Structures are given as structure tokens and as C-alpha cells.
Amino acid sequence: MFILAPEMTSAPQEMLTAGQVLANQDPKAARKAIAARDNGRLLDLSARVDPRAQLSPVLPGEPEALEVLRHSAAHIMAEAVKELFPGVKVAIGPAIEDGFYYDFDYERPFTPEDLPAIEQKMADIVKKNIAFESEVWDSDKARQHFTAQDEAYKVELIDALDAEEVGIYSQGGFTDLCRGPHIPSTGRLGAFKLTSVAGAYWRGDEKRPMLSRIYGTAFFDRKELKQHLALIEEAKKRDHRKLGRELELFSFHDEIGAGLVVWHPRGMILRTVIENLERSEHLKRGYSMVQGPQILKRELWERSGHFDNYRENMYFTEVDEVAYGLKPMNCLAHMLIYKSKLRSYRDLPLRLFELGLVHRHEKSGVMHGLTRVRAFTQDDAHLICRPDQLEEEILGVMDFVTDFMELFGFEYSLELSTRPDKSIGSDQDWERATSALSKALEASGKAYEINEGDGAFYGPKIDFKLTDALKRSWQCATIQCDFTLPERFDLSYIGSDGDSKRPVMLHRVILGSIERFIGVLTEHYAGAFPLWLAPEQVRVLTVTERADAWAREITQALVDADIRAQSDLRNEKLGAKVREAQLMKVPYMVILGDREVEERQLTPRLRDGKNLQPQTLEEFIAMFKDEEAEPLRRLRQKARQRCQI
RNA sequence: GCCGGCGUAGCUCAGGGGUAGAGCAGCUGAUUCGUAAUCAGCAGGCCGUUGGUUCAAAUCCUACCGCCGGCUCCA
């Protein structure tokens, strides 16, 4: 079934296609294969290889197979678009996490209404089952070809590749610059859907033309596609913007302004629980609590470098002819606290913690629920230490972050970001700071990626990233090394030798922005917060009004025991009350009917629908308190163990 | 900031040049009920805001504001 293509007849006799080699090894698997793997390198089935090569088939179901399929789907989409919209130019079209996209330049942007026609045309191409054919062209030939086709973006890509030869793939009338590999023929694309259109800058540069991007996803069979689309629908139900309204946590208002959160009682109590834990954990880890004002003189922002480097993100105002800036960061007041008295090497490290509300003027198109706002509270701290303490301090912060991530059950990824174009400070300081961070990362043994040029303007940083329900990743914790501010503010301490020395500083947050963190946390738990976090922990439900008095007594006792409890004495059926408590995702319901009144007991019902045995109020409170404290007990235990080592 | 889509009752959504609609929620009444919706009645709207086109605009067009999906930027 694998016949040499005409252009391959000139190939040395002993060469076979990858498909033929696979067929000799395992005919059954070869039939299903969509590409071949040679020592981890992926090949087209049509690639010519040594017959003795040890190849393995890339089979549907493997992640790599899906990537090949989706990349091929992008090519098929590009062919469809070129047929439907003459004059369109194609840019790039890779496979991505959950699908693929292709960027186009056309006389008008594409809209969702264009998608059905493109899908139809793609289906035609799939039905024709056209082979993907690969060739290697001389770069000049490719350049001439795409210039003749008026495909300026492709010509630019060829120039950027700066190679003698480039890979070319064709299926039917569509020829594209591409590294491959691809599925053998268009018929192997089993199920696909175009999902959205969006603008995207050419090569991600906002100074270059905006292209029209079409997103889609593809699978080998329809069932998988359907499952994937269902999964996305499920994820949308976890969206914190939706849950935030349904669970009455927070709101946004046109009248107030974009990106400005209003916290409702249930959201505020959630915040408060988290913030109180932060306070207590910071105090236990050698931090002091401080607080600076919301506005500081512009002059001070000029001194710190914020005015030159961060101005476009700041709000300014004028009072009595003096210019002030609303703080976008908390560090300045902390610098002045440090400077308020003479510091000795014995005083260091000094760890100043502030739950600081900052305002940042974000561009209008970037706001996103709680995860990207214009006013937010950072669990911010500045650690001012001796150079020799730097690495240990960094590790201490990493432990702090790890403890909290484990408490909430988050997975995270780590990134080290290096010096950006727009920055202050000497090369030497940047080098020292970056190496301190990477040393600490190495010492921690955790995996991390390097993000070149993505540091803050004053220093490099380690970022901890979490993912939301729709797999968008958000930066939460960050540790930023800074040699510049101590310099600019002329911070000093007296060393053991009696000389005045310059300390170094770390900016760091654990959860990052409380707002963002609660957004991601809400999606993480799908709104069903664990007992210790739940805004309403217990709802007392009566079967009839004969239980009202007992319900009032119980509710009061629970509230007295610092339990967040409410009663529902409305003249409704129990089923209706249960349903509403369930929708609000209250962890415990307490059911009171004639039986409970008689026995002076209560029947707990869990959020998962399970009922516990009727019990006394005292028993319930004891059980509740134990369960509520458990996660925090574990957190403390771990922290203490580490300190002993 | 850029590209595209969208703003109708507290929420979810119909209506698309000629008097503003539904379900849920709310209010009132009846019902006293055991684990995800009891029944009936009532009320609720500057159709995001501004200009414009038209005899007539929720509906068509401008511009703003906001939201959604991306891009860029970032906690």
C-alpha cells in the first residue's frame, strides 16, 4: 500500500519511505500511523529513510499525533481561506495547546459569520483526501515562489530563517513554508471546529500590522471533539466572573469604572479569612506588619525611577500645587521605614509586610474579572538584607509560597525572568541579582523556565504561575531582586567591621494580588470553598415553623463559636431550602424538624448530599472545629518541621 | 491601546423601523410541608450613554462607556 511517489524514483534503491519501513516492522500499526518517530524526531510517513532505521509509529491518541493533526488542520484551513477569499495573505499557523490557529491578512478582518463557509470548504478538502507532499527547496527558489505569490509574510519568514534550504509542503493547490511533519493526507483529519476569530499583531509586535487570526481545534474522531467542546462548556461554569455573581462575592459597575472591584459581604469575608491567615503566617515567619499611604509625592516616584519607567501605569493628582502619585507599588514607604533609624548588620534581614492596595492604570482591553484589575491588594513584603543573606531569604520565600500553594492545593510553574530593555541599574548588579535567584532555584531543586527580558524594570524575578479554569495562566507569587532602590534611597547598615554598607532588597508577594488569587481560587474550587474558607459555613434549615426557636438558638450558638452560620426560617419546603443552600455551595446544612426539636439535636447534611447521624449541638461544633482547623494545622506542622532542620 | 463580537427587568434570554416580552428571582396571600424548585396574584424597563437618519428608532448609522474572545502589556 506504500508506493513510491514519482519524484522518489530517482532516490537510491535502498531508500524506503518511513511508512514502508513501519509496514515492514508492524503492518497493523503502520496502517494507523500518522507519522513516524526516529529517535524522538518526527517524520512524515513519506519521508525517505534507511530501510534499517528503527522507527516507531506515531499513533492517534499520542499527544504528538494530535499536534501533527492540528498543524495539518491549520494548513487545510489556510487552503480553504485562500480559495474563499482571493487576495488573502497567509502568515503563520501553528498547533497550540488545545487546537490550532492561522493568521491572515485580508482586506477586512474575518468575523464569526465567515467561519461556517470556511468549515464547509475545509470539509470538502478533507473529503477529497489530498496527499500532503513535502519537498525541500533552495531558499532562493522559495523566496521567488512566495514573492510571485505576493506572500510577503512568507518571504519575511524565509529571510528570518536564514537557511540554505527550507521545507515546503503542498496539499492540492496550497503550498506553504513549513517544517512539518504532516498527516499523510487531508482525509485523516477526522473532526474539527473553528472556534473564534481574533486580531493578532504580526510577530506579536504591536507596531506591526494587525492580522486576522482564526482559532480552531481538531481531533481524530468526532467523539473526542464533542468531549472537548463539552469540557470547555464545563469549564465556563467554573468561570469566577459567573460564580462571583452567583455566589454574591463581588461585582463590577459601569458607573464605578472598569477594573474596579466591589466586594460584597460573602466575598469580603472570604478575603478577610485569607488576609488574616496571611497576617498570622507572616508574623510567625519573622515579618513585621506596616502600612504606607495611598498617595505619595511625585518627587519620590521620580527618585525611585517609577516616574521614568512606570508613569504610563500610574494615576497622578495635585493637592495644593504639589503633585502626588497614587501608589502602584508599596515599596517606597518601606524604604523610608528602613531609613527612619540607623541599622546594624545584626538587625538584618528586616522583613516588612503590607497588605497594600495599589492602583495601576491597565490598558482598556486587558481587564479580566478579578484576575486583571486596576486596583488590587498585594500581600507585599520587602526583605532588606545583607548580600550574604540573599540566597537564604529567597529560599525562605520559596518555602512560604510552597506552603501556601499546598494549603490551597495548587500546582504551579516557575519562571526566571531576566533584564528587560527598559530598566535601571548597572550590568553588574543585574548579574548578581540574576545569579542569586538562579542559585536559589537550583538549590530548591524545582524545575523552571527562563523568560528572557521579562524582569521588572528594577530587577530580575522568579514568577509562580497558576492556571484558571480555561487554562489561562496567571502570575501570582513573585520574588524580585533589587539592588537599585537601596542605591537610590541610599540605604545603609553598619557592618561588623564598623563600616557603612549597602543592603540588598527583595520585593516579594506570596499570593500576589488578593483579587487575582481569589479569582483563580474560585475557579480552582469551582466555588465550593473548603470549610475553613467558605463564606457561609453552616446554614440552619427548618422543616416547619415549629423548629424556629430551636433554629434561632442553634444559629446563635454557632455564631458565638465563631462559625459563619445563617438560618433559613422562610415558609418554604425543606427541598427548596436545601436546593438554595446547595446552589450557594454551603459546606454544612443543619436540618431541624420535629424530631430534632424533641431530642434537642440536629441533623447535619453535607454539601455532597450525605447526611450525618443526628447529634447534639456540642458534638457538631466539636466536629466542625476539628475539620475547619485541619488544613491550617498541616500548614503549621510543615513549617515547624522545616525550621527545625 | 489594537482587532472582532455583544450591551433589552436583579439573573438567563426572546423581540430587530409602528404600544416592551418570557422564565427564574422579588413582593402579597394561601399552604406547615423531612433533604435540589408548593400554588395563586401583583409589581418590575430612559432596550448602556450620546448625537444623527426617519412621519416614527430598542431595532439603522456616529461617537463614547462597559462586557466577552484574542493580540500587546502585566500582580
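None of the values given here were measured: they were computed from a predicted structure. Reminder, nothing fancy here: chain letters follow the sequence lines and each chain counts from 1.
- At a cut-off of 3.5 angstrom, counting only N and O atoms as typed in the model, there is no donor on one side facing an acceptor on the other between the side-chain of E362(A) and the base of G1(B).
- Evaluation of the salt bridge (Lys or Arg N to Asp or Glu O under 4.0 Å) rule for K465(A) yields E415(A) as partners, not counting sequence neighbours.
- For the residue pair D463(A)/T478(A), the side-chain donor-acceptor check at 3.5 Å is satisfied.
- Looking at T195(A), its side chain does come within 3.5 Å of a backbone N or O of Y215(A) through a donor-acceptor pair.
- Counting heavy atoms from C-beta on, the side chains of L211(A) and Y153(A) come closer than 4.5 Å.
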Heteroatom pairs (N/O) under 3.5 angstrom, protein to nucleotides 60-67 of chain B:
from, atom 1, to, atom 2, distance (Å)
G66(B), O2', D254(A), OD1, 2.7

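- Residues C481(A) and K461(A) fail the side-chain proximity criterion, which asks for heavy atoms closer than 4.5 Å.
- Residues of residues 400-416 of chain A having a heavy atom closer than 4.0 Å to RNA chain B: none are found.
- For RNA chain B, the residues of residues 103-112 of chain A within the heavy-atom distance limit of 4.0 Å (strictly under) are P109(A), T111(A), P112(A), sorted by number.
- Cation-pi geometry between R70(A) and F219(A) is satisfied (NZ or CZ under 6.0 Å from the ring centre, within 45° of the ring normal).
- By the 6.0 Å contact criterion, CD on Q294(A) is enclosed, its count of non-hydrogen atoms from other residues, nucleotides or ligands being greater than 12.
- Annotation: cation-pi pair R311(A)/F307(A) present, NZ/CZ under 6.0 Å from the ring centroid and within 45° of its normal.
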Strictly under 3.5 Å: I want the nitrogen or oxygen pairs between protein and nucleotides 10-12 of chain B, one per line.
from, atom 1, to, atom 2, distance (Å)
U12(B), OP1, R245(A), NH2, 2.8

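- Under a 3.5 Å cut-off, the side chain of R607(A) and the backbone N or O of V586(A) do not form any donor-acceptor pair.
- K446(A) pairs by the salt bridge (Lys or Arg N to Asp or Glu O under 4.0 Å) definition with nothing, not counting sequence neighbours.
- No more than 12 heavy atoms of other residues, nucleotides or ligands shown are found within 6.0 angstrom of CD on E598(A).
- Side-chain N/O atoms of R208(A) and base N/O atoms of C2(B) include no donor-acceptor pair closer than 3.5 Å.
- Of the residues near RNA chain B, T603(A) and S473(A), the one whose nearest nucleotide (by heavy atom distance) lies more toward the 5' end is T603(A).
- Ring-base stacking between Y215(A) and G70(B) is not satisfied when judged by a centre separation under 5.5 Å and a plane angle under 30°.
- Inter-residue side-chain proximity for V273(A) and L277(A) is flagged as unmet; no heavy-atom pair is nearer than 4.5 Å.
- Of all heavy-atom pairs between L592(A) and A551(A), the closest is CD1-CA, 3.4 Å.
- Two residues are said to be in side-chain contact when any heavy atoms from C-beta on lie closer than 4.5 Å; M589(A) and T603(A) fail this criterion.
- Under 3.5 Å, the side chain of Q582(A) and the base of A37(B) form no donor-acceptor pair of N or O atoms.
- G4(B) is paired with C68(B) under the Watson-Crick or G-U wobble criterion, all donor-acceptor distances under 3.5 Å.
- For Y201(A) against G70(B), no side-chain N or O and base N or O form a donor-acceptor pair under 3.5 Å.
- Across all strands shown, C39(B) pairs with G29(B); the Watson-Crick or G-U wobble distances both stay below 3.5 Å.
- Among C71(B), C33(B), A75(B), the nucleotide with an atom closest to any side-chain atom of A200(A) is C71(B).
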